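Report on the following structure.
Proteins get letters first, then strands, A, B, ... in listed order; numbering begins at 1 in each. None of the values given here were measured: they were computed from a predicted structure.
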Amino acid sequence: MGGSGSRLSKELLAEYQANPFKERICRVFSTSPTRDRLSFEDFLDLLSVFSDTATPDIKSHYAFRIFDFDDDGTLNREDLSQLVNCLTGESEDTRLSASEMKQLIDNILEESDIDRDGTINLSEFQHVISRSPDFASSFKIVL
Amino acid sequence: MDMAQPLPFVLDVPETPEDQGSQEPSPYDESEVHDSFHQLIQEQSRWAAQEGLELQQRARGATGSGQHTLSGSEGAHSTATLRILASMPSRTIGRSRGAIISQYYNRTVQLRRRSSRPLLGNLVRSARPSLRMYDLELDPRAQEEEEKQSLLVKELQSLAVAQRDHMLRGMPLSLADKRSLREKSRTPRGKWRGQRGHGGICSCCGWLRYACVLTLHSLGLALLSSLQALTPWRDALKRIGGQFGSSVLSYFLFLKTLLAFNALLLLLLLAFIVGPQAAFPPALPGPVPVCTGLELLTGAGCFTHTVMYYGHYSNATLNQPCGGPLEGGQCSPRVGGLPYNMPLAYLFTVGVGFFITCISLVYSMAHSFGESYRVGSTSGIHAITVFCSWDYKVTQKRASRLQQDNIRTRLKTGVRWRNLGSLQPPPPGFKRFSCISLSSSWDYRCVPPCPADFSIFSRNEVSPCWSGWSRSLDFMIRPPRPPRVLVLQELLAEWQLRQGPRSVCRRLRQAAALGLVWLLCLGTALGCAVAVHVFSEFMIQSPEAAGQEAALLVLPLVVGLLNLGAPYLCRILAALEPHDSPVLEVYMAICRNLILKLAVLGTLCYHWLGRRVGVLQGQCWEDFVGQELYRFLVMDFVLTLLDTLFGELVWRIISEKKLKRRRKPEFDIARNVLELIYGQTLAWLGVLFSPLLPAVQIIKLLLVFYIKKTSLLANCQAPRRPWLASHMSTVFLTLLCFPAFLGAAVFLCYAVWQVKPSGICGPFRTLDTMYEAGRVWVRHLEAAGPRVSWLPWVHRYLVENTFFVFLVSALLLAVVYLNIQVVRGQRKVICLLKEQISNEGEDKIFLINKLHSIYERKEREERSRFRTSQAAVPPTLFTDERDA
């Protein structure tokens with residue numbers, strides 16, 4: 001999971017190798033000063049958030065923090081474009097063109113930015129999430 | 001973000017004391033911002049007189065444009081405005097621990113509904129003056145957070161233990177934070193109780209109780225974890241989910257649901273019908289035929305006179321040695337223990353089994369409907385795609401790449417559609433598409449007609465449906481208007497060019513193709529039904545064929561082949577018709593497949609209950625129907641096997657070896673689920689005639705699970721279409737409930753109420769209909785005495801009287817109507833709230849703009865004053881005052 005000093009087993013590593021958000025997940029859950037390694041308790045936190053029994057509230061809260069790349073508390077245009085790049089693949093031939101990206105982000109903001117301040121805050125994000133029934137089942141890691 | 005570290009939150013900007021003004025917003029300096037905000041508002045009254053005109057104009061300009069917008073991007077604001085923006089509560093909650101704690105404090109207070117205590121926002125503000133004194137010595141952030149935390153702890157202490165744990169568990173804090181909160185909220189409570197108890201005994205009791213609770217809790221946890229380990233197919237399901245995502249997983253979960261339904265039904269039947277009958281076996285009518293092995297396929301032969309089929313069950317009261325039919329009064333009803341009346345048990349158990357299945361089906365359907373269709377859930381497809389489409393279960397690199405490809409395709413198509421829709425303003429006659437239809441109804445195959453192609457049309461050859469083009473040509477030739485209008489007209493014409501042919505000529509063609517394909521598919525279904533009917537008539541007519549056992553297998557084989565082949569035919573036909581959306585295509589395919597299966601099953605039901613009953617006059621027709629259904633079930637399984645073998649394994653080998661394609665065949669979820677539903681319908685149809693059919697179905701489902709899993713992992717790839725897993729599973733549950741279960745229930749009701757049971761076998765051999773058994777029993781009870789007289793009364797007034805049925809259905813309708821009204825009301829409220837939120841947003845933007853202008857003005861003033869009196873006032877003092 002990114003950090004060289006992480007004390008995680010091989011099996012768990014397998015769960016994350018394919019995840020484009022692995023660095024973000026590590027950053028969000030880590031409590032170490034450098035934010036690149038997970039202690040045992042951080043790891044427990046991670047598992048409890050990604051487990052079946054976590055409430056949708058918690059799941060959406062952490063999803064928001066994972067998507068908030070610059071850690072400033074809102075999803076702005078840069079966050080959204082990084083998120084889309086993660087979803088489509090980072091390489092040159094897979095990412096969207098600049099105009100497509102702009103159009104897409106405009107659409108997203110138009111759909112979910114309720115108070116029209118140009119960014120998506122946590123409650124607006126949770127509002128979007130609440131309309132997607134598949135989120136709770138996809139935001140899950142099975143061990 | 002930095003929830004557990006005491007270090008301040010820094011955004012890559014070195015925190016130096018001299019450039020505090022230009023410092024990036026930090027989450028914890030809310031107090032500063034609040035103060036500056038307060039100060040600002042106070043100052044505003046002073047400034048208002050001076051700035052008056054400009055601001056008003058600005059506001060008017062903003063309202064005049066219809067919607068407020070932030071003046072430029074956020075970069076245009078001064079850093080002070082930015083800092084205020086960053087510390088708005090809606091933005092801090094996503095990252096700062098203090099904001100989370102205060103939010104949960106407010107929630108806890110609301111939970112307790114104690115209005116006497118003020119909310120945190122007010123309290124903090126009132127505590128501000130005292131706080132400000134410490135600003136110099138203490139770190140204000142830590143101070144404020146501690147304050148909030150202690151408030152939260154106090155609130156938590158006043159909650160019940162279970163509630164507190166629940167509350168803590170629901171907080172998005174790290175484990176260490178939660179633990180410290182828990183410790184803090186626990187210890188004072190213990191002390192308090194100890195003081196009140198005045199001694200050791202009570203505290204000892206409390207301790208003992210606590211230990212007991214803890215032990216029970218850990219026991220429960222251990223049980224839970226062992227249960228989780230026992231969950232069937234955890235690893236298999238995880239592997240499937242990891243490789244293929246949620247969509248394919250939904251098929252296997254559906255299979256699991258079916259297994260649960262069958263297991264429930266089987267349990268009931270085993271306990272109340274099969275078990276008692278096996279305990280009191282009747283005398284066999286003849287020698288047991290030797291098993292040849294073919295019976296596994298046909299279900300006849302040595303299986304015939306066993307608990308497998310209806311005919312084996314006796315019509316007597318089981319645990320009474322004198323036996324005799326129902327009317328037999330020679331036995332006193334209660335000799336030792338309750339008499340076990342087999343016909344009644346048979347009827348009631350099947351009825352109760354169906355009733356429980358019905359209730360659980362309807363419940364799960366309603367549950368999944370509630371989950372997947374929320375009010376207003378149809379808008380915002382882009383945001384949902386971006387935020388919710390990543391499947392965290394996926395563990396393989398390849399699957400992950402496939403998922404990325406899928407998402408990219410969806411995003412690109414969605415964006416392209418929106419481009420089309422938003423660039424050209426629609427002319428008045430054309431309706432604007434809604435967001436959802438725009439994005440979901442696009443397919444790569446249908447490219448819009450390229451406008452460049454139409455330049456070859458000369459004016460004379462323009463057909464009526466190109467009127468838009470001709471009009472714009474007129475304008476081009478002799479422009480009567482200024483150029484700007486011309487451009488607009490051209491744009492409109494281009495829109496019409498794209499829309500016009502699509503809307504008239506192409507739409508006609510589309511409709512014709514659609515109608516033709518539907519006609520052909522319906523014709524196929526009808527042809528299949530007729531073929532089944534003719535064939536079954538032929539089987540009845542030819543006596544020499546009926547003699548051999550193998551001949552019995554012909555009809556199931558034919559029906560199975562029809563079931564297998566016709567959907568493929570429909571799929572080929574569907575390639576002819578143009579589809580705008582892949583989702584619609586899937587639904588269309590499901591619908592046609594369903595119609596076909598319904599037609600075939602309906603014909604078969606008529607054949608069994610209408611024709612066979614008449615033909616097999618002197619024999620046990622129920623046994624025959626049970627065997628027939630067994631054969632259908634087995635044949636369905638065999639054909640599924642063959643289909644998997646040829647459709648997936650052989651096809652993959654062919655496409656890899658011969659066609660040199662890299663792609664594996666896709667797993668067709670819809671068709672596979674429909675196969676499952678068909679098999680389940682067969683099992684439900686046969687329950688009355690063969691009580692062990694659910695067991696056969698369970699074995700079949702288990703085998704299908706392993707075969708499909710192996711084949712899937714080896715041969716298939718995940719479907720490329722976007723697949724809304726929860727919506728589709730709702731649809732499948734509905735299909736399982738509505739045509740499948742309801743059809744089987746109607747079939748059974750008809751058999752119980754209308755058809756005369758055969759006279760030589762089975763529990764109802766002396767009666768006119770199976771339902772007579774209940775009536776006879778009621779009469780029997782009436783004769784037995786006054787002790788159970790309420791039962792006949794209930795029977796007479798509630799079951800036989802139609803008024804009760806009407807009453808219940810009227811009540812049900814009323815409930816449904818009320819629910820509809822409630823939903824409508826909620827929708828209205830949602831609309832109002834949305835309006836309110838957008839108003840608030842405009843207000844917010846207005847305020848931000850105003851704030852920004854004030855700051856700007858202030859800066860200007862400051863600069864000018866600085867210039868005029870440079871020597872008099874040192875500049876650092878200014879900033880200190882302002883930022884304090």
ask   = What residues, two or more places apart in sequence or in another chain, satisfy side-chain hydrogen bond (donor to acceptor under 3.5 Å, both in side chains) together with A:T53?
value = A:S51
request  = Could you tell me which residues satisfy side-chain hydrogen bond (donor to acceptor under 3.5 Å, both in side chains) with B:K178, sequence neighbours excluded, listed by chain and number?
outcome  = none
ask   = Which word best sums up how the rings of B:Y392 and A:F21 line up, parallel for under 30°, tilted for 30 to 60°, or perpendicular for over 60°?
value = parallel
query = With sequence neighbours left out, what residues match A:F69 under ring pair (Phe, Tyr, Trp, His ring centres under 6.0 Å)?
reply = none
ask   = A:D45 side chain to B:L175 main-chain N or O, any donor-acceptor pair under 3.5 Å?
value = yes
To the nearest 0.5 Å, how far apart are [atom1] in [X] and [atom2] in [Y]?
X: A:H61; Y: B:L173; atom1: NE2; atom2: CG; answer: 7.5 Å
X: B:I837; Y: A:H127; atom1: CD1; atom2: NE2; answer: 7.0 Å
X: B:M171; Y: A:D57; atom1: CE; atom2: CG; answer: 12.0 Å

query = By a 4.5 Å heavy-atom criterion (distance strictly below it), what part of B:R401 contacts chain A: side chain, backbone, both, or neither?
reply = neither
note = Cut-off 4.5 Å, heavy atoms of chain B, and the answer for A:F139 is both
ask   = A:I105 versus chain B, heavy atoms under 4.5 Å apart: side chain, backbone, both or neither?
value = neither
Side chain to side chain, [X] and [Y], heavy atoms closer than 4.5 Å:
X: A:N19; Y: B:W390; answer: yes
X: B:F387; Y: A:S60; answer: no
X: B:C388; Y: A:I129; answer: yes
X: B:Q404; Y: A:P20; answer: yes

Proximal to chain B - members of residues 78-88 of chain A, heavy-atom separation under 4.5 Å = A:L80, A:L83, A:V84, A:C86, A:L87, A:T88
ask   = Taking all non-hydrogen atoms of both residues, which atom of B:P172 and which atom of A:R65 are closest, and how far apart?
value = O-NH1, 3.9 Å
inquiry  = Within the supplied structure, the quantity of interest is the number of heavy atoms (other residues, nucleotides, ligands) at a distance under 6.0 Å from B:R239 CZ; does it exceed 12?
reply    = no
